[in-house]
Amino acid sequence: MMNSWLLLPSTLALLEVVAGVEMGAANKRLERKLRGREREAKALIHRAFSLLISDGSLMAVPVDEAIAALSTFSLEDDQPEIQGPGFWVSTERGATNSPIEYNDVSAYRLSLSEDTKAINQLNLLIREGKEMGSVLYTYRSCVKALPQLPDSMKHSQADLYLETYQVLDLEMSRLREIQRWQASAASKLAADMQRFSRPERRINGPTITHLWSMLKLLDVLVQLDHLKNAKASIPNDFSWYKRTFTQVSVQWQDTDSMREELDDLQIFLSTSVEDILQVLIVFAVESLELNFALLFPERHILLRVLPVLVVLAASSEKDSESLYKRVKINRLISIFKNDPVVPAFPDLHLSPAAILKELSTRMNEMTESETLTYQRHFLIINHIGAIRAEHDDFSIRFASALNQLVLLRSMDGADMEWAKEVKGNMYDMVVEGFQLLSRWSARVWEQCAWKFSRPCKDPVYTESHETSASFSDYEKVVRFNYSPEERKALVELVSYIKGIGSLMQKSDTLVADALWETVHAEVQDFVQNTLATMLRTTFRKKKDLSRILSDMRTLSADWMANTSKPESEMFQHGGEESRGSLFYPRPVAPTAAQVVSGGNMRKPGGLFGNTGSDIPVSDLKQLETFFYKLGFFLHILDYTATVANLTDTGFLWFREFYLESSRVIQFPIECSLPWMLVDYVIESQNAGLLESVLMPFDIYNDAAQQALVVLKQRFLYDEIEAEVDNCFDIFISKLCDTIFTYYKSWAASELLDPSFLFALDIGEKFSVQPMRFNALLKMTRVKLLGRTINLRNLISERINKVCRENIEFLFDRFESQDLCAIVELEKLIEILQLAHELLSKDLTLDSFSLMLSEMQENVSLISYSSRLASQIWTEMQNDFLPNFILCNTTQRFVRSSRVPPVPVQKPSVPYAKPNFYCGTQDLNSAYQSFARLHSAFFGMPHMYSIVRLLGSRSLPWLIRALLDHLSNKITTLEPMITSLQEALPKSIGLLPFDGGVAGCIRIVQEHLNCWKTKSELKAEAIRGIKEIGSVLYWMSLLDIVLREVDTSQFMQTAPWLGLIPGADGQFVPFQDGETSPIISLFKSVASANISNPSSFRVLSRQAEAADLLYKSNINAGSVLEYSLAFTSAAIDKYCSKWSIVPKTGFVDITTSKDFYRIYSGLQIEYLEEATQVQLNHHGMLGDSVAWGGCTIIYLLGQQLHFELFDFSHQVLNVAEVEVAAITSSHKTMQSIQGLEGLIEAMKKARRLNNHVFSMLKARCPLEDKQACAIKQSGAPLHRIKFQNTVSAFETLPQKGA
């Protein structure tokens, strides 16, 4: 009972494990995708919990139900399939090879026993030979690593010889094993050939599988022979070994046997294969001509073996004549002309023309057009269009066949004929897929062989320091031998191979039963029906052939399929007349021996050789069709291995031959073909290839698999791993750079002014072509050398780093410019922020505000300053306030034309790639054009940028810093004003009208002659007043911007606060006792009848707090008013010096030295100076002087005194009277000639002063001065209400007035 039941707690624990595995597979970042059956599983668990009994025990859950519940959980995620096939552990049955092989033949006393035994022996030799070939291919010279003794250690030479001998003896022992293996392989081939040459075996000759095994063994011998000749390190090491043996053997005894082994080994290294298997030539020629080689490795075996067989068979003139009578030389030429180079090893190829003398003369006579024809045949770029069409067509049809199969498996009681059709179609699709993969992989192999045989003659010099002498042979055949178009075609083809391979590999367990059932049905239909009929008719009198067919029928027939099934489920083949056997197709694959038995009848020269001439054509056709299908059965049975073999592209990495010939340890990654493909995809930014950028890394996976499993060389794997680590790091860097550039360009293009694009004829160059990065950004499991890499996390980390570096660069760039660059900084940060937002849709990135705060060093909760605020303050203190002048009409600050006293030192502009600006050069140029529009002034756009960039956290710090600077300027200004006061005459009266304008100006100059010795002091005082005015006007601009921002925010929150517009445009709040809508909303929810209202009560209290907070902001004071109050408080300390109360209580006209008198003198002097040098005074000091001086005068309560006793006002009054008098008497204005410029400057100054006073009256009425005072803590005492005066801008003179 307990064995068949599973307690519920264990089920829940297992469910948690499954859920944990799922989260781990998705890296705990992808949301679990539950389907309909998963909801049923939850319902099942819920029902199980509801079965708790009263005593606390739990009802048990049946195992079947628990397993059914577990099977409903999905471990799938939304990761796209953009990498090659991977291998995994599966509990389901897959279409893999049967482990029985030929062991079942011994159960039958049949004629196949001898053949299968020989095939097993040949296959064992082939496997051993491939291992020997791996040893030779990966052999690297040991002599190069041996140390050279200096002259001082010549006495130790004998010890060096001994140690060298011991090291080389280990390597030579491998060569001895290869020598012994070659001898046994040659003797085995000779024995088989003699056995099949006996008269009694001419009919029961070698099977097709036997012939292929013999050819494969001969191919291994040819490859070993080729390797011995190509690898120069082997004879070099042997010569050293022989030399050291001569030196060491002097000390030994009985070395004769060792010398014999040494001589035999030398003969082995200097000779080639000489065993002849002439009978295989006809079979090889026919197989190539009739395309019987099903997969590309078999075809390459035939092409490698055939020229060797021809050479060995034509060793004498007599043998040559007999051979060419049987196989015409033109047949051989036509075969080898289509394949002038044949792949042998990854970086080695064979040339049939170099082996056959008869071919060499013909092949050397090729014309240029024939060479181009061969090139078109070998280069993938000439076939990629057709390959692309084949890929698309097959993918659609294979997916359709899979869908039909899934539909069939989900149906109960489906029609048997339709089921047979669906499964047969699936079998045909798998065979077609194998053939496609075979053709495509052959294209890659053959193109590589062609490239190795045709190195690049004129390499392109990519770098200035490279010369032709620095290029190795491997660079000429790989790095410079592939054009960009050829690299693109190769990437596409590798992607197609891996894509189709992955599609077929994933469907292994799904199609296994269908494949096996189809093979079973084909074999049983033939051996039980077709073959039975032939044995009764065609082969009844042919005893030898009949015995072969009977053995095949005995071995292959599945009589168990004819029993224990209802007749409705059995298939009857052949109709009523033929009385065919009834059998049930079972998903049981035949063994290898059963498949091989069918090929026993095919001989070189046709089916049954020369003995089948009297067999009917229809029977021959049936037999040929069936035997052709048999050729694929072995590949179908070994489904997984076949897919892996056909999709293996690891050969593209290996370069052992060129490493030895170039005498280098390893080539740089720029010469590695896999990395060249990856680099091309990234650099070309081809949208169609981006999703294939991971496919070339599968080449490294395949190469590592070959290094460990096939070649069995750990050092090769270490080299691959080192290159992969390096390449993948560079790949991540380049990929992230490309992704960042694309999204940055996309963001910049989105933010570009549409009117600007509309006005351009070439606006399309600023648009960004879409690129598909989504698939790459979803990759959480990239398979690389047995490791699983979360590409999404790596990209996220890198993008986070790049974003921080970009912000750092933008701040560095801003710090190297003046304050006018703040608009450009905001625009660039806005572009970066939008790019970050777009990237965040596919990646998990840090918050942009957090990154911005980090780079501004403003993360701490108690830090109110920031890097940007500090830089703005530094710029204003060192450059903006001293060197910029105000134009009050345009509300802009512009840089003064005069040279500053102390040049401002700034760091140089940092260099960065275009993607740190706007992405591309075109977009950079467009945005630089916009930036130049704001680079020559500072105005409202810049103030908006400052407010948006600093925010409510750092802006108060900047305001306070500026006000402290203003206070310090007033303190610095106090001794200067005092010095100027002391220098003034004791009495300065009103200007008389008698002397006219010229006389008034002369009197003013006499009064101010006392300041001639204080020119520097006057200049410093003027600059101080100018900076005070600049700060105050800067605050007025800030106040305008903040009021607009606050107004827009208030308009958004007003409906929630219950504020509605009244009739006069003022907001009308709710009556007392009524709550705002936001409070009412949450209170109503909290008071509702819900199970857990505590969270809503918390929200209700938070809503009340928010209501108070937002309503308190309505009555917030303005920055300008606060600044004026702060300035007033700072001036109050010097009020007793700058505004002396007359002792008489009346206005002091002649003896007053108040501030307004000092400013009046400074103003008229710089107006005269500006007029004399023929410059507008705005170009020297600007309007900030008026703002600074008038503000101090106004806050000191001296406005009326200034307007009455200002020198400029008095001169203008005299001028107006004089002009009126002259006009009424019709006299000429000779008295004011030459003073027109000065009088006009005074008029402009008076208008400006009046404007400033009007603005100050509007924003800071004197009657409310006490209410605007500053507390000891620095907080302002705001006015409650004041009556608005006429707008100051309405008092400005109109144009033409």
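Since we're looking at a predicted model, the values are computed, not measured.
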ring-ring contact (aromatic ring centres under 6.0 Å, His included) partners of His300, counting only residues at least two apart: Phe296

Side-chain (Ser495) to main-chain (Val491) donor-acceptor, under 3.5 angstrom: yes

Heavy-atom donor-acceptor pair, His520 side chain to Arg586 backbone, under 3.5 Å: yes

Side-chain (Asp219) to main-chain (Leu215) donor-acceptor, under 3.5 angstrom: no

Minimum-distance pair of heavy atoms, taken over all atoms of Leu350 and Ala344: CG-CB, 3.9 Å

Separation of Ser213 OG from Leu218 CG (nearest 0.5 Å): 12.5 Å

Contact check, side chains of Leu646 and Leu436, non-hydrogen atoms, under 4.5 Å: no

Spacing of CD belonging to Glu486 relative to CG belonging to Asn382, to within rounding of 0.5 Å: 8.5 Å

Close side-chain approach of Leu402 to Met426, heavy-atom, < 4.5 Å: yes

Salt bridge flag under 4.0 Å for residues Asp513 and Arg409: no

Verdict with supporting geometry, Ile500 and Trp440, side-chain contact (heavy atoms from CB on, under 4.5 Å): CA-CA 11 Å; Ile500 296 297; Trp440 295 347; 3.8 Å; yes

side-chain contact (heavy atoms from CB on, under 4.5 Å) between Val431 and Gln435, intermediate numbers included: CA-CA 6 Å; Val431 172; Gln435 291 174 329; 4.2 Å; yes

N/O donor-acceptor pair under 3.5 Å between His383 side chain and Arg376 backbone: yes

Which residues share a salt bridge (charged side-chain N to carboxylate O under 4.0 Å, His left out) with Asp428, sequence neighbours left out: none

Contact summary for Leu405 and Ala514, nearest pair of heavy atoms: CD1-CB, 3.9 Å

Any side-chain heavy-atom pair of Leu306 and Leu302 under 4.5 Å: no

Contact summary for Gln223 and Phe345, nearest pair of heavy atoms: CB-CE1, 3.7 Å

Smallest separation among heavy atoms of Leu295 and Phe434, with atom names: CD2-O, 4.0 Å

Between OG1 on residue Thr649 and CD on residue Gln706, distance to nearest 0.5 Å: 9.0 Å

Residue pair Leu408 / Gln404, side-chain heavy-atom distance below 4.5 Å: no

Main-chain N/O of Met504 paired with Ser507 side-chain donor or acceptor, under 3.5 Å: yes

Distance (rounded to the nearest 0.5 Å) between Leu515 CG and Ile636 CD1: 5.5 Å

Sole residue of Asp698, Asp648, Asp702 in salt bridge (Lys or Arg N to Asp or Glu O under 4.0 Å) with Lys498: Asp702

Passing option when Glu446 is tested against Arg439, Lys451, Arg299 for salt bridge (Lys or Arg N to Asp or Glu O under 4.0 Å): Arg299

Reported CE-to-CG distance for the pair Met695 and Leu490, which is rounded to 0.5 angstrom: 13.0 Å

Side-chain donor or acceptor of Ser395 paired with backbone N/O of His391 under 3.5 Å: yes

Check: Glu522 and Tyr427 side chains under 4.5 Å, non-hydrogen atoms: no

Side-chain heavy atoms of Lys130 within contact of Arg127, under 4.5 Å: no

Polar side-chain atom of Ser400 near backbone of Ile396 as donor-acceptor pair, under 3.5 Å: no

Rounded distance [0.5 Å steps], CD in Glu128 versus CG in Asn123: 11.5 Å

Any donor-acceptor pair under 3.5 Å from Arg304 side chain to Val220 backbone: no

Check against side-chain contact (heavy atoms from CB on, under 4.5 Å), Ile335 and Leu303: CA-CA 9 Å; Ile335 291 173; Leu303 290 173; 4.0 Å; yes

Minimum-distance pair of heavy atoms, taken over all atoms of Phe651 and Cys448: CE1-SG, 4.1 Å

Check: Glu390 main-chain N/O paired with Tyr496 side-chain donor or acceptor under 3.5 Å: no

4.5 Å side-chain heavy-atom contact, Gln447 and His377: no

Main-chain N/O of His635 paired with Thr642 side-chain donor or acceptor, under 3.5 Å: yes

Minimum-distance pair of heavy atoms, taken over all atoms of Trp653 and Ile699: N-CG2, 4.3 Å

Verdict with supporting geometry, Val422 and Leu407, side-chain contact (heavy atoms from CB on, under 4.5 Å): CA-CA 10 Å; Val422 169; Leu407 178 62; over 6 Å; no

